[in-house]
Structure formats: structure tokens, C-alpha cells
**Student:** 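One structure coming up, written as C-alpha cells, with questions to follow.
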2 protein chains.
Amino acid sequence: MSPSASPASPRRPLTDSPTVHDQVYDAIRQALVTGRIAPGVGVSLRSLAAELGVSPMPVRDAVRRLVAERALAINPANKRLSVPSLTAARLEQLSQARLWIEPELAARAASQADAALIRALKAIDARLDAALAAGDVDGYMTANHAFHFAIYERAEAEVLLSMARALWLQIGPFMRVVFGRVGTVGLPADRHAEAMDALKTGDAEAARQAIAADLSDGMDKMRVAVGG
Amino acid sequence: MSPSASPASPRRPLTDSPTVHDQVYDAIRQALVTGRIAPGVGVSLRSLAAELGVSPMPVRDAVRRLVAERALAINPANKRLSVPSLTAARLEQLSQARLWIEPELAARAASQADAALIRALKAIDARLDAALAAGDVDGYMTANHAFHFAIYERAEAEVLLSMARALWLQIGPFMRVVFGRVGTVGLPADRHAEAMDALKTGDAEAARQAIAADLSDGMDKMRVAVGG
DNA sequence: GGACTTGCATTGTGATCGCAATTGCGGGCC
DNA sequence: GGCCCGCAATTGCGATCACAATGCAAGTCC
């Protein structure tokens, strides 16, 4: 694979406003969340760089960042990197962490919510339903992510928010497994309606419960998809 | 800054077994935890590299890693990096996260504890007391860190363990503030004894309570040091 | 005398080069 | 025919170079 062999589609004006590093980071992040990089298989730094049309340097930086966020794993012996394998133990720990952090963020956001947030959430939820009806897995997952973090960002809790981001990044491959096996059907958005109601009335505890229930629903599905 | 130290020295004991990146990472990490880098002041990549006698490249990698772990912050405008400032909101969030994750790790470790662990903990606690008596702040903090993570590593929960590590890294500067103002006195190690007893008997709930109490003690002190 | 502007030094970023180590594979040997 | 050794390609790591942007400071003009 020669470095000058793929200027076809990935050759983009990468040097716009953000740095190349950020673009590479987002690209790999997206590839991870959408499951384009299968867990277990090893990927090489140079191949990624060639695929993105940049030098290995920003790729290395992005990979280090993702490794620090536990979204990528690196074999100590090989030094080769791969996606962490999906084990029941990992899923259980990630679920437990999410079940504490994310309801907390929702509860904090309840006191900060306003009409604009509710409107934005309704719009996102509409996109989510549309993607669900169309069987658009990527669209559903994007909208679901947007819905949750539109809430969480209102909590004004930067530390917890960054932890939630890291958890979503790690649990992305699991989500892909869910939709790959059981499909997008059977994932009701009722919890989202409950969450929006709670935010509208500023009820922190109700928001906490709604998000906790939403997470539990999704994680139960992941559990059956992974564990058996 | 004196880059004439050894910018091009071909043979250094640095290239032993671990990589230069890891050494730089550990060096900056230690500097952060021990408070050698004061919060708010900006540090430069090249100055760090010159100080460590390496090229800016592994320093950049290490800094990216630390930024991803929220141990360092980077100004979006300046692009210059600094230690995150110590705010009450940050401390409160970090405390809340620790209060959930670390007792959980202790509880999980309770079922895995054996005599060897207890012996190791006793040795660490002895070093801790010695440092406390001698007024050795660095020694105390090192021993305290070792005590907690000797327990946590027994939990066999890699995800939660890495989260705990990141939290300690972020809360390090706060700890330095505590010892800079109120000194090392008045930090009883009784909770450590409680924790060891709980681990010895395999009592998960007692271990959880002991670690939670230990954290609460320390964080109360940080709270008064920062907020008041 | 004070504020603005212009010049230089410094910083972060990205690319290319060189090096050591590991992997994969082909040929030679038993 | 199977196993083992050795060579080549690939990979990651670190250094150096080059460039754009920012910070700082001295000089200049009002």
C-alpha cells in the first residue's frame, strides 16, 4: 500500500480551520463508534495515515489520545493497536459507570433546562424516530448521542461530562453489536419523552430516573447480545 | 532553559526498556501530582523537552495523553497548555466521581483479597506513617497512592481502575494545596486500618464504607482549602 | 509621555528521515 | 516432506526540519 495510492476520496482540504489532528481524531472516533473498525483486528498507524491522506504524525497523536481514553488498546508486546475486545466484564463496568454518571448529569441539567433546550430535544427526537422508522442505524445512533449530550451539556459539569464522553466512546462497539443482531426495533423512545417532561418541569429526580431507565433498557439489550 | 544539556547525545540511559514517551509521561505526571507545576501557569512544549533532554516529539505525545485524561488543559486560543485551575466546581465533581468509583473498587477487591495483599498494605501503611511523622509530604502522598491502588488493582476491574487513575491525576494538584496549607497533621490513617480489616475478612460492604470514609476525610480538607 | 505598530523570538503543528524491532515468508537443511 | 533459519518488508518511535501563528518588546509617532 503505497502512500500515494489513495488520493481519490479521502483527499480533502483537510487544513481548513481545525487542526489535522482533530480531524484525524474525529475520523477514527467515528470509525470506532460506528463499528467500522472491528474489535480484535489490528490496525496500523501508517495504513490509517495513508487512508486519511496525511502523515503518520497526527495519526499517532490521535491514537495516543484514543488509547488514553480507552477507546483503543495497544498490545504491550507487539505495540500494535486494536479495538478493545467486547467482554462481559467490560460491558458491566461501563454500564455501572454510565448508570451513575449520566443520570447525575441529567439531574443537574434539570435545573438549567429552558424552553430552547426542550425544543432542541424535540427536534433531535424527531430525527431519532425518523431514523428508527427508516432502519437507519447510523442515523439512530447519531441522534441518540445528540439527544443525551444535549441534556448533559446543560449540566455545567465539565468533569463529569468528559467522563460520559469517554464512556460513550468505549461503549460504541457494543452498541454496534446490539444493532447488528437484534436490529433497531424494540428500542422505545418513551424514556426520552419522560426525560423531556422532567426537564420541562425542572424535576431533577424524575430526570435522573428517566435517563437511568433509558440506559438500563439499552444496556440490557447489549448484555444479551454480548453475554449470550 | 538550557538545551545544550544533551539535545543530540546519542547514548543515554533513557532508552532502557520502556519508551521515552512513557518516561516523559511519568515525569510530567509526577510533576503534576506532586504539584511541581503550579496550576494556572503556562508551560511550553519545548521547555519541557529541553528540561528532560529529549526532543519535543515524545513530550507532545505525553501532553496529548495527559490532556485526554484531563490532567492538563489546553487553551483553545493560545494553544498553550497549563494545569487546570482549582475551582470548587471541579473539586466537587471529582469528589463525587471518586466517592462512587473507589469504594466500588474496594468492595470488589474484598472478595479477591488474600494474606499477601494484607501484608503489602501493612508495609505501605508503615511507610505512610513514617512519612507522616517525618513531615515528608511527597512520601506521604506516594504511600497513600500506593495504598489505595494496591487495593484497587485487586478488584480486577480494568475500566473502573483506569477511571480511578485519571481521577487521582486530576485531583493531585488539589492535594498539594491541602498539604501546603494545613500540613500533613490531622490526617488519621484509621480508615486504612478499617479498610485492611474489611479486606481481611472479605467484607465488601465494610471495605466500601472504609474507603468512602477515607475519601470523605481527605476531600473535606480539600474543600476547606479551596473553597474557604 | 502614552499608545500604536512593527519586528523578532518562541511556540505548536505537520512532514520527512533514520533507526531498531518484530513479523512474515521463502529457501535451505535434515 | 517438514522444520528451522535468515532475509526483507513493515511498523512504531524518535529526531530534525520547515512553516504559520502568536506573544513580546522595542521603536516610533501623535
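In what follows, chains carry the letters A, B, and so on, assigned in the order in which the sequence lines appear, proteins first and then strands, with residues in each chain numbered from 1.
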**Student:** Please state whether the rings of A:Y152 and A:F149 are parallel, tilted or perpendicular, taking 30° and 60° as the class boundaries.
**Tutor:**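 Answer is perpendicular, since the angle exceeds 60°.
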**Student:** For A:D61 and C:dA15, give me the distance from atom CG to atom P, rounded to whole Å.
**Tutor:**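 After rounding, the gap between these two atoms is 10 Å.
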**Student:** Which of these nucleotides, C:dG18, D:dG14, C:dG12, is closest to any side-chain atom of A:R46?
**Tutor:**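 It is C:dG18.
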**Student:** Is B:R98 close enough and on-axis enough to B:W168, meaning under 6.0 Å and within 45°, for cation-pi?
**Tutor:**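 Checked: cation-pi criterion met.
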**Student:** Taking the minimum atom-to-atom distance to the side chain of A:S44, which one of C:dG14, D:dG12, C:dA15 wins?
**Tutor:**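 Of the options given, the side chain of A:S44 lies nearest D:dG12.
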**Student:** Using whole Å, report how far CG of A:D22 lies from P of C:dG14.
**Tutor:**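 Going from A:D22 (CG) to C:dG14 (P), I get 8 Å.
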**Student:** What nucleotide among C:dT13, D:dG12, D:dG14 has an atom nearest to a side-chain atom of A:L45?
**Tutor:**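 Among the listed nucleotides, the one closest to the side chain of A:L45 is D:dG12.
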**Student:** Quick one: A:H21 NE2 to C:dG12 P, roughly how many Å, whole number?
**Tutor:**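 Whole-Å distance recorded here is 14 Å.
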**Student:** Is it the case that A:E69 and A:Y25 place a side-chain donor and acceptor less than 3.5 Å from each other?
**Tutor:**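 Indeed, the side chains of A:E69 and A:Y25 share at least one donor-acceptor pair under 3.5 Å.
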**Student:** Is there a donor-acceptor contact under 3.5 Å linking the side chains of B:D125 and B:H192?
**Tutor:**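 Present: a donor and an acceptor within the cut-off.
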**Student:** Check step by step if salt bridge (charged side-chain N to carboxylate O under 4.0 Å, His left out) holds for B:D220 and B:R223.
**Tutor:** CA-CA 5 Å; B:D220 285 344; B:R223 211 166 282 128; 2.8 Å; yes
**Student:** Nearest whole angstrom, please: distance from the C1' of D:dC13 to the OH of B:Y25.
**Tutor:**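 Between C1' of D:dC13 and OH of B:Y25: 18 Å.
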**Student:** Among D:dG14, C:dT13, C:dA15, which is the nearest nucleotide to the side chain of A:S55?
**Tutor:**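 The answer is C:dA15, which lies nearest to the side chain.
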**Student:** Given C:dT13, C:dA15, D:dG12, which nucleotide is nearest the side-chain atoms of B:K79?
**Tutor:**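 Nearest listed nucleotide: C:dT13.
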**Student:** Report yes if a side-chain nitrogen or oxygen of A:R64 is closer than 4.0 Å to either non-bridging phosphate oxygen (OP1 or OP2) of D:dC13; otherwise report no.
**Tutor:**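 For A:R64, the contact criterion (side-chain N or O under 4.0 Å from OP1 or OP2 of D:dC13) is met.
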**Student:** Quick one: which of C:dT13, C:dG18, C:dT16 gets closest to the side chain of A:P56?
**Tutor:**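 Of the candidates, C:dT16 comes closest.
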**Student:** Take atom CG of B:N75 and atom P of D:dG23, then tell me their distance rounded to the nearest Å.
**Tutor:**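 In whole Å, D:dG23 P and B:N75 CG are 9 Å from each other.
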**Student:** Taking the nucleotide of DNA chain C with the nearest heavy atom to each, does B:M57 or B:V43 sit closer to the 5' end?
**Tutor:**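 Mapping each residue to its closest nucleotide by heavy atoms, the 5'-most match is B:V43.
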**Student:** Would you state whether a donor and an acceptor, one from the side chain of B:R60 and one from the base of C:dG14, lie under 3.5 Å apart?
**Tutor:**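 Side chain to base: pair present.
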**Student:** Starting at atom CZ of B:R80, determine the distance to atom C1' of C:dG12, rounded to an integer number of angstrom.
**Tutor:**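 Atom CZ in B:R80 sits about 10 Å away from atom C1' in C:dG12.
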